[in-house]
Structures are given as structure tokens and as C-alpha cells.
**Q** 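I'd like to ask you about the structure that follows.
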Amino acid sequence: ARGLAEQLREYLEDHEESAEAWSRLGQALHHIDSNVHEGGSLQPEAEYALKKSIELGLDPVLEATTRLTLAALLHSMAKMEESLDQAMEVLNGPHAASLDPRVIAFAMNNRGSALHMLGRVEEAAEAFGEAARNHNYTSAWENLMMVHGEMGNLGKAEWRALAQEIKSRMATNGATDVPVQVCFALFRALDKAGDIEEAWSWLLYGNAAHAKGRLAHSPERTRANTNAIIAVFNANFWTPGLGHPSRTPVFIVGMMRSGSTLLEQMLHAHPAVRGMGEDSVFNGQLPALRDSIVTATQQGPTGMVDALKVQGILQDFGTRIEARMIEKVEEQRKGARSPEEDQGPPRHVVEKMLTNFRNIGFIHLLYPNAVILHTVRDPMDTLFSCFKHRFDDTGLLWSSDMNALVDEYEAYLRLMAALEARASRAGVGRALRAARAGTRGGHAVSPGAPQAAVERRGAQVPREDRPGRAHALHGPGAAWAEHEGVRRLEALQAPPGAPDGRRAAAAAANAPRRRPPLPGH
């Protein structure tokens, strides 16, 4: 995509009136932006290219696909009103009747997504329902379940009827297999209906289908990568006096489904703070920053580090990254849907790329005064929440497999324990202890060695409240506390070689799953 974008840029230098070339450039840039976390650095150019192509005039089909790409781009830029406008242009345009039904279905789903982000949930539910029922758009079923869950407007019988409707439609359509999105939609509906055995069957089948042929998890590679990070970022890594002095960036790190979105929203509510979500500016610059530092450290006399050169690199990158973070939230502010959100330039910008826990060493090297907030949730709540959530990011496919999920979680705990201990000795522990709250009874949770996480967690609650297992799930997931599948997930947390062989026995949870039956099949 990068090569194509560069070719199109060169072509447009001599053919600036080519609407098709502008459209293709915009779509290529959006593709890069969607798949590589570069802090939205390509978004303004993509927006300009797509709007330019529409302005120049396109054939009806290409105009529709261009507008839908633009709608998705504007959605990622938090310009929800504009995103909604583009979807409506497709749905209400003069050529809507002649467009491929799949294009209309996609537009209707985009409309629902924009309405949902604008807080117009009832309208969003109508849009998702129409996309699913009238246009057979499978992703809309999952979105519809999500919105109904947020609205809380359905009882168990209604959830059960909704699940039956989905299964009947799949059977009527002659589906030999069920799309992954529909599997997760059925899990949501059946879970809400209280039919947890069938819900669990659809969840297992959906996760297996989601990861099939794409998951290449290696416990050995995970351990090796973790060991390499721990080896590099020792207590002597951070040199006093190096780094950019800014206090503007705030980084939220941790495991997925750990409460980070709520934390960001709470911070964003302060007039001096703006949240920019998971579109990381820092990550987009990290490879170049890392390479520049390595080069500088190799060029010093007799192998010595040239501190002045490294400091110059850190100042340059720190200034550019901070400027882009502010620029990005300012772009979002301009698209604010209410005057209350237009609160002027921020003093702090929050970046919520959770997997940056692997990059804490570089973050603190670049911004020694920046706060790094580590969100921590109860281990089993975190693991189960990850397993029942479908992540679009292919880099997170390991969450669809129980063994891989627990391997990654244990590696995360081990890395954070090592970094926190070393950061504390280096005098920078403040950054890593700032947001350390668990989710049960107000107890703080302090993960250390993975094999002890469950035991330490259990030690914080009364003896009668821990019947020989990690803990009971609480809140909406309480019904799952004693379910066999969830207990398998808990058992996987036992250290390898545990006397009762729980890890080996629990591996059966990942055995290939047959699709649950559909009506008439």
C-alpha cells in the first residue's frame, strides 16, 4: 500500500484532475492508517484526497465506495457528524437503487456506527437492525447485540427470541457455516438470555473460526521476547538528565479489557486533558527513534555512548511527537459535536495504546516526566473478558485461544513486575504505580510472578470467600463463575508441571469444535 500511495502521488503531480487517482490514493492511505499505528499522520492527506476525488466527479459506484471509505476515515478521526453525512449521501443518493446491495448494507452499518458514537443509540439500533435483517450484513448482528446490551431494554425472553431469529435466518439462508461475527452475536444474546451452555458453544466455535489458519502463537517466542525486554531495560538503562522535559503526554498501558477506556474517559472529562484513544503517535515514531538511538550509541569513540547526540535525538523526537499529539486532539476538537467539548488546547494528552507496556522503557527514556498509568483488573475478569471479545486487530488473535491468551497474560505480568521493580530502583516508580486499582472490594492488585498471581489475589479476600479457586467472576459475568469452560481457563493459570496436571487437562478446552446446530440442520 505504501508503494502504491507513492506511485499515485507521483502520478497526480502531472494528472491532478484525475478523480480516480485521488480516490485510489485516499483509499490506499486509509488502508495504511487502519493497519499501522502511526498516530493518524496520514489521515489529513487521506481526507483531502478522498474529498478531492468526490469534488472532481466519479462514476456512481466508485463515488459510493469512496464516500464509504471517507465515512470510515472520518469515524477514526472522531468526526462523527461528517462520517454520518457521508453514509447518508450513499443511502439517499440518486443512484442508491442501482448500487450493489452489499454497498448499501455497508453504508447502513456505517450509519449505525456513527449514530452509536454520537450517543443516538436507539437510531443506531434501527440502523444495525435494518443492515442485518434487510441487507444480510453479518457484522451488523454483532453491533446490534452490543447496542441492545448498552440500552438494557430487553429481558431474557426477548434475548432468547433474538438469538432464535438469528439462527433461523442463518438456516433459511442455507449457511453451511456461520460467520464469526454471527457466532459472537449469538454468544451475546444467549449469554443475556441465561442460556450459558449454548452461549459457550457459540463462543468456542466463533473463537476457533476467528483464529483458524491465522494464529501462529509460539510460547517460546513470547518468553524470548519478554526476556529480551527485561534484559535491555535494567535499572541502569535510564540516565538522569536525558530526555524531553515535556509533561504533556500521558500513557495508559496494560492488558486489554482492563478498564482503560473508562480511565481515559474519566481523564478526558477534565477540561485540561484530552484523550486520543488507541491511535498511537508514539508507536508510529518508535522504530525510527529506536534506530536513531542505536546508531548514535554505536558511533561514539571506542564504543562509548555519545550522550549529547542521544539527547539531541530525544529532543527532536520528543518535540515532534508531542506536536503531533496536540495537533491530533485539536483536529478532534474541531469536530466536537457540542460547545462543551470545545475547551481549548489541552495541558495533557492521553494516549491509550495498551500494548505499550512493552515500550515503557523507551517511553520513559523519551519523556522522563510523563505519567504512565498502568490499569490492572482482576486476573480472571480480564482473561474471560478478552476471550469473549472479538478483536479485529490480527496482532491480538492470541486472545481467541485459551492457551495462547494465558501465555501472553503471564508474560505481561512478568514483564510489568520486572519493569516496576527496576523503575522503582531507578527512581521513576511514580509513573508505574499511578493507576493501580483492582475491581473487587477496592483492593489494590499488584501482579508479580505469574504463578503467584492467583494466590496473592486470593489472600486479599476473606477465607470463606475463596473456595479453593482463583475467585468468582462478579458483575454481569457472575453466572459464569462455576461454568466448566471458565474453570478450564482458570486452570490454565496453574504453573507448568503443577502436581494435578491442570494445564494439560485444561488444554482440552481448545479441541476443535463442531458448529452448534441451526434450526432444521
Side-chain angles (χ1 to χ4, degrees), residues 217-235 251-260 263 352-361 363-364 372-387 389 391 395-396 398-399 401-425 428-429 431-440 443-461 466 469-471 473 486 488-498 502-503 506:
H217 176 71
S218 167
E220 294 76 19
R221 184 169 63 246
T222 298
R223 284 193 292 271
N225 290 342
T226 303
N227 290 339
I229 297 173
I230 292 173
V232 169
F233 296 108
N234 55 56
F251 297 89
I252 297 178
V253 302
M255 182 58 63
M256 304 94 66
R257 314 298 294 170
S258 62
S260 59
L263 175 60
K352 185 177 74 76
M353 175 58 70
L354 294 180
T355 53
N356 264 337
F357 67 81
R358 301 186 184 99
N359 300 320
I360 285 173
I363 291 174
H364 185 69
I372 304 170
L373 302 178
H374 177 203
T375 60
V376 180
R377 184 183 181 187
D378 197 280
M380 267 307 302
D381 282 343
T382 302
L383 290 168
F384 186 49
S385 186
C386 286
F387 190 66
H389 185 87
F391 294 98
L396 300 177
W398 45 262
S399 66
D401 178 275
M402 283 190 183
N403 293 292
L405 172 58
V406 173
D407 285 339
E408 291 289 340
Y409 186 71
E410 289 181 343
Y412 146 74
L413 289 180
R414 188 160 62 89
L415 176 58
M416 288 306 302
L419 289 176
E420 288 172 358
R422 293 174 181 187
S424 180
R425 289 199 297 272
V428 298
L432 300 181
R433 290 197 296 265
R436 307 196 43 109
T439 59
R440 186 173 186 176
H443 294 291
V445 181
S446 179
Q451 61 267 27
V454 171
E455 286 77 5
R456 277 203 315 280
R457 179 63 185 85
Q460 296 171 352
V461 299
R466 45 189 175 101
R469 48 199 296 267
H471 62 82
L473 293 169
V486 174
R488 287 174 181 162
L489 185 56
E490 290 178 323
L492 281 168
Q493 295 182 84
R502 286 180 294 169
R503 286 182 69 98

**Q** F384 vs F387, test: ring pair (Phe, Tyr, Trp, His ring centres under 6.0 Å). Steps then yes/no.
**A** CA-CA 5 Å; F384 186 49; F387 190 66; 7.4 Å; no
**Q** If you measure from CG on L263 to NE2 on H374, what distance do you get to the nearest 0.5 Å?
**A**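 The CG atom of L263 sits 11.5 Å away from the NE2 atom of H374.
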**Q** Testing the 3.5 Å rule here: is there a donor-acceptor pair between the side chains of T375 and S260?
**A**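 Judged by distance alone, the side chains do not pair up.
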**Q** Using the rule side-chain contact (heavy atoms from CB on, under 4.5 Å), only one of N225, L419, L415 pairs with I230; which is it?
**A**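 Among the candidates, only L415 passes.
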**Q** Rounded to the nearest 0.5 Å, how far does OG of S385 lie from CE of M255?
**A** 11.5 Å
**Q** As an exercise, state the distance from CZ of F251 to CG of L373, rounded to the nearest 0.5 Å.
**A**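 Result: 11.0 Å between the selected atoms.
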**Q** Can you tell me how far apart CZ (R221) and OG1 (T226) are? Round to the nearest 0.5 Å.
**A** 11.5 Å
**Q** Would you give the length of the straight line joining atom NE2 of H217 to atom CG of D401, rounded to the nearest 0.5 angstrom?
**A**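 H217 NE2 to D401 CG: 7.5 Å, rounded to 0.5 Å.
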**Q** If you take all heavy atoms of R358 and E408, which pair is closest and at what distance?
**A** NH2-OE1, 3.7 Å
**Q** Looking only at heavy atoms, which two atoms of M256 and L354 are closest? And how far apart?
**A**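 Closest approach of M256 to L354: CA-CD1, 3.6 Å.
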**Q** To the nearest 0.5 angstrom, please state how far the OH atom of Y409 sits from the OG atom of S399.
**A**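 The distance works out to 14.5 Å.
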**Q** With the side chain counted from C-beta on, respond yes when L383 and M380 share a heavy-atom pair under 4.5 Å apart, and no when they do not.
**A**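 Yes, their side chains come closer than 4.5 Å.
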